[in-house]
Amino acid sequence: MTREGESLLGKDLFTFHGEQELNRNAPLAERLRPRSLDDFVGQRAILAEGRLLRRAIAADRVGNLLLHGPPGVGKTTLARIIAANTRSHFTILNAVLSGVKELRLAVDEARQRLDRHGLRTILFIDEVHRFNSVQQDALLPWVENGTVTLIGATTENPYFEVNKALVSRSKLFRLQHLEADDLHKLLERALKDKDRGYGCSDVKITDTAATHLVDVANGDARSLLNALELAVESTPANDSGSINIDLAIAEESIQERAVLYDKHGDAHFDTISAFIKSLRGSDPDAALFWLARMVEAGENPRFLFRRMLIAAGEDVGLADPHAIVVVEACAAAFERIGLPEGLYLLAQAALYLASTEKSNSAMAFFEAQRSVRMAQRQEVPSHLRDANRDGAAFGDGIGYRYPHAFANHWVSQQYLPKELQGEVFWKPTDQGWEGQRRLVILERRAAQLAAVVESEEEHPLLVSSGPGSPELDRWLQRQLALEGNRLTQLQEKLWSGITWQRHDRVLVIGGRSLLWALNPLRHVPEGGVTLLTQSPDDLARLSSQLEFLDPIHRPYLMDDSEEAFKQVAEELGFEWIGGRLHRNNMISDRTWMAITRKCSVNSGLRLLLTAPALGPAESLHQIISENEMSAQDSDLLMNLITAERSWIRSDYGDCHLVEKLQELGWDLEWDEWQESLDLKIDSQLQVRWLREGSLYSELLKKHFPKKGMDLMSTLLTKLREKILPQKLNHKRIIGSLRAG
């Protein structure tokens, strides 16, 4: 029996009809709540096919969740969908209407269900940030011991408003404002749905009216549907029974949106961040917009001036030393004038900062501060010490050159402690005032370094001429430690430069090893990783290795057959494609077409192509002397080397691959390098090169069917345990999928 059927048996007829009547009279936004993930609109970043939250809901493995985001984006709806998909009892509390008493009652009932029936309880708390610290503390023990699974919904940032212990035990998902396309889908659904919307009525809405409703709703589905409901219910039908909603009706139905701004929450920090970054980026229009948004929301002008003073020092600095004077003058004038005329002064300060030259060279102070904290000895040089106290006894101050006694009021002498002489903290840019002084500063630094050399010749014990050996030792130790991790280095280089999003979905190709998937697995916990294998053996081996992972976090395995791609859900797409390819695991054109269809505009590509620079025979030739072989074997070995070189120079797939990817719409760039490594000659190496079906054995069969195989086998056996030099050519392809 379904959960709905069970609930109906527990209700009397009057209760059932009462609820039915309540549903019919509920607001449109309530009636149209999605009842399944397939109906849910928006939030693809966390709910698209293949992402963690969707997989967890399908597997009934959700765990403690905190859903935060602005109003009307689906937090409560998502919680109800989870309830419909879980085998747990679902209890709802609203933090505005509930207190410790209701909370304890819900926990007691949950404990009884668990003890008597082994039934888990999901406790959904709407507006969870409204619970005070005492109420949140009362909830913590029961979440901790598993009596209840918590799903909290909040419009505030949980890191500010929710108990840190609850946050640390929960997965956090941020829901974003709905996109315009999502809102248009909801609008269309409301007009066509015959059971819950206006599908049984003849409601027509103009394109301009629909666009206005969507625009003013500002990503809030509830605001959109409430406005549509008001427009439909307040507009009389015409003679033909049709309700026509035009732009004028739409404007009356949805008033100007309020500025979403909480001086203690995300909006405050996000908006001031946008304002400062607009000043730093020299965009006066954006700076004025964010300034106006904060003023409109009631932000304290003193706070805004304080942040602009910081920007004048941090982001403008010595490129324009007058900037801080202008902002300080505007702030002082504002104190005398006040609002509303003081808005001119706010705007003037912001426009000046956004329009003038920029330099953050003053951050050199923090480099100097770091040196102060790290330097072991920081004695003031003798010639800079105060000579009035003990100059006669210790020679303090002797040797100091008084700059005003020299031409241009400057002389080349050192002012840093001797351990830091030659250190550079301030790097002036070529902007504004400091740009005009830059060449003079650089010339004087050169003269000071020359003075150090002269000083070293005169006093060789006072100046160090190079780095100390401890740093060199540590550097060598690091290199030795990394020497054994060449494959790890390669996979780090493959994925380097990517700014991962936790919800990204990644397809790893050439999947013979889990190594190339480790970086994505570490960075996309809310997304997902799919491994594309190319043989049944690889598929079976990786499947057995992945059995130790939790199924929720386990990568999805698939082969490159057309049937496998058809089985992948239609909505499953990839933000990143990457992997390592070489001669014997290149991807077919058909597979690349299928992969590209699963990508969207700006999806990223990272490929590492590897090919040998030396063939096995040429490598062996470098370590074996001529007198160790007969003349006949020596000639055969040289013929083998010739065949190898031709084989290596031949296109092993990279040129064709680049052309094919560009044809499919990928914009590409690449870099190339060569790697030297030493191989130990052992039985494994011999099997890898000469086994039946290997690329090299096929080459031998083609040119030297019997003699070539015998010679290579003899040489590898004879040189067993020796070190064989090898070189590999690497090519890293970086790409993104362009529009169209």
Side-chain angles (χ1 to χ4, degrees), residues 26-48 67-78 81 153 155 174-237 242-261 266-267 270-271 274 285-286 289-290 292-293 296-297 571 600-602 739:
L28 177 64
E30 182 66 27
R31 300 198 307 269
L32 277 177
R33 277 191 191 275
R35 297 169 182 173
S36 69
L37 284 177
D38 292 335
D39 291 337
F40 198 92
V41 174
Q43 310 307 334
R44 290 181 52 80
I46 61 173
L47 285 174
L67 308 173
H68 71 107
V73 296
K75 298 185 297 296
T76 303
T77 298
L78 182 55
I81 290 175
T155 55
R174 176 186 290 177
L175 279 71
Q176 308 284 358
H177 284 292
L178 298 184
E179 300 291 337
D181 289 345
D182 298 329
L183 293 179
H184 278 292
K185 288 180 183 177
L186 285 176
L187 197 63
E188 184 178 1
R189 181 182 297 175
L191 295 174
K192 291 184 177 180
D193 194 308
K194 294 183 178 181
D195 296 325
R196 297 181 288 165
Y198 295 112
C200 294
S201 304
D202 186 11
V203 179
K204 298 177 181 177
I205 183 170
T206 65
D207 291 341
T208 54
T211 300
H212 178 77
L213 290 178
V214 167
D215 179 51
V216 180
N218 195 27
D220 185 333
R222 187 183 297 109
S223 175
L224 172 76
L225 295 175
N226 287 345
L228 176 65
E229 183 176 29
L230 178 61
V232 173
E233 301 296 340
S234 63
T235 302
S242 176
I243 299 174
N244 297 315
I245 300 173
D246 56 18
L247 179 59
I249 295 174
E251 289 175 337
E252 290 178 357
S253 301
I254 189 166
Q255 301 301 313
E256 182 179 357
R257 55 176 174 256
V259 177
L260 177 62
Y261 197 87
D266 275 356
D270 290 345
T271 309
D285 300 306
F289 173 81
W290 297 117
R293 188 176 193 265
E296 190 70 16
E571 289 189 5
S600 55
V601 175
N602 295 324

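Along the sequence shown, residues carry numbers from 1. What you are looking at is a predicted structure, and each value in this text was computed from that prediction instead of being measured.
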Open item on the list: Evaluate Ile245 against Val203 for side chain to side chain contact (heavy atoms under 4.5 Å, CB included), listing each step before the verdict.
Closed with: CA-CA 8 Å; Ile245 300 173; Val203 179; 4.1 Å; yes

Task: Audit row: Leu32, Leu225, side chain to side chain contact (heavy atoms under 4.5 Å, CB included) steps and yes/no - done: CA-CA 9 Å; Leu32 277 177; Leu225 295 175; 4.0 Å; yes

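In this structure the side chain of Gln176 never reaches within 4.5 angstrom of the side chain of Val73, judged on heavy atoms. No side-chain heavy atom of Asp220 sits less than 4.5 Å from a side-chain heavy atom of Leu178. Counting only heavy atoms from C-beta outward, the side chains of Asn226 and Leu230 never approach each other to under 4.5 Å. Ile243 has its side chain out of reach of Ile205: every pair of non-hydrogen atoms, C-beta onward, lies at least 4.5 Å apart. Within the 4.5 Å cutoff, side-chain heavy atoms of Leu67 are placed close to those of Leu78. Using a 4.5 Å heavy-atom threshold, the side chains of Leu187 and Leu228 count as touching.
Under a 3.5 Å cut-off, the side chain of Arg196 and the backbone N or O of Arg33 do form a donor-acceptor pair. For Asp182 (side chain) and Glu179 (main-chain N/O), a donor-acceptor pair under 3.5 Å exists by modelled atom type. A donor-acceptor pair is defined here as one N or O able to donate and one able to accept, closer than 3.5 Å; such a pair exists between the side chain of Lys75 and the backbone of Gly69. Proximity of a side-chain donor or acceptor of Arg189 to a complementary backbone N or O of Asp39 within less than 3.5 Å is detected. Side-chain atoms of Lys194 do not come within 3.5 Å of backbone N or O of Ser201 as any donor-acceptor pair. Between the side chain of Glu229 and the main chain of Leu28, a donor-acceptor pair closer than 3.5 Å is present.
Leu183 and Ala217 make their closest contact through CD1-CB, 4.3 Å (heavy atoms, listed as atom of the first residue, atom of the second, distance). Of all the heavy atoms in Val41 and Leu186, the pair that sits closest is CG2-CD2, 4.0 Å.
Distance check, rounded to the nearest 0.5 Å: OG1 of Thr208 to CG of Asp246 gives 7.5 Å. Separating the OG1 atom in Thr271 from the CH2 atom in Trp290 is a distance of 6.0 Å, to the nearest 0.5 Å. Expressed to the nearest 0.5 Å, how far CG of Leu175 lies from CD of Gln43 amounts to 4.0 Å.
Applying the 6.0 Å contact sphere to CD of Glu233 captures more than 12 heavy atoms from other residues, nucleotides or ligands.
Screening Leu224, Leu213, Val214 against His184 for a side chain to side chain contact (heavy atoms under 4.5 Å, CB included) leaves a single residue, Val214.
A donor and an acceptor atom, one from each side chain of Asp38 and Ser36, are nowhere located under 3.5 Å apart.
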